[in-house]
Amino acid sequence: SVSTCNSRRPTADIRRLLAGLRWDISKNFHTSLDWEGVYWNLSGGHNLSSAGAGSSHPTEHYITLGTGYNLTNNTLLKLNYTFGTMDGLGALTSAGGSKVNVNTFVGQVAVKF
């Protein structure tokens, strides 16, 4: 949670929740499923939809499907697919609406030294 407290300044309270499952199929191969939610509470100047007055509560929700394969004891190849939505409620971009669908595919190589 991030917050700023001052009665004359804008305030923002951002909360992030994350839950996940991991299944080790074998010694070198695993799969995962994660859910993430981000909840914003914006007021004052942070709230673009009401010209700085009042508050709004944008939300983000994501689901990530992942897999990982250990190529060696210290090298991991990961592939993730993330999809979700972000509903800015006009507070993060413009008052014209800001609901966005997200789809991302990511590949990663991690090496431990």
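If you take CG on Asp34 and CG on Leu65, they are separated by 9.0 Å, rounding to the nearest 0.5 Å. For the atom pair Lys99 NZ and Asp87 CG, the distance stands at 5.0 Å (nearest 0.5 Å). Rounding to the nearest 0.5 Å gives a distance of 9.0 Å between CZ of Arg22 and OG1 of Thr31. Note: Ile63 CD1 to Thr82 OG1 = 10.0 Å, rounded to the nearest 0.5 Å.
A centroid separation of 6.0 Å or more is found between the aromatic rings of Phe83 and His61.
At least one side-chain heavy atom of Trp40 sits less than 4.5 Å from a side-chain heavy atom of Val38. Counting heavy atoms from C-beta outward, Arg16 and Glu36 have side chains that approach closer than 4.5 Å. Using a 4.5 Å heavy-atom threshold, the side chains of His30 and Leu76 count as touching.
Under the rule for a side chain to side chain contact (heavy atoms under 4.5 Å, CB included), the partners of Tyr69 that lie at least two apart in sequence or sit in another chain are Asn28, Phe29, Leu71.
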Extract all donor-acceptor atom pairs below 3.5 Å that involve side chains of residues 100-113 and protein atoms in other chains or at least two apart in sequence.
from: Asn103; atom 1: OD1; to: Tyr81; atom 2: OH; distance (Å): 2.8

Steps toward side-chain contact (heavy atoms from CB on, under 4.5 Å) verdict (Thr64, Trp35): CA-CA 7 Å; Thr64 301; Trp35 172 85; over 6 Å; no
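Hydrophobic clustering places Ile25 together with Leu77 (ILVMFWY residues linked when any side-chain heavy atoms are closer than 4.5 Å, directly or through intermediates).
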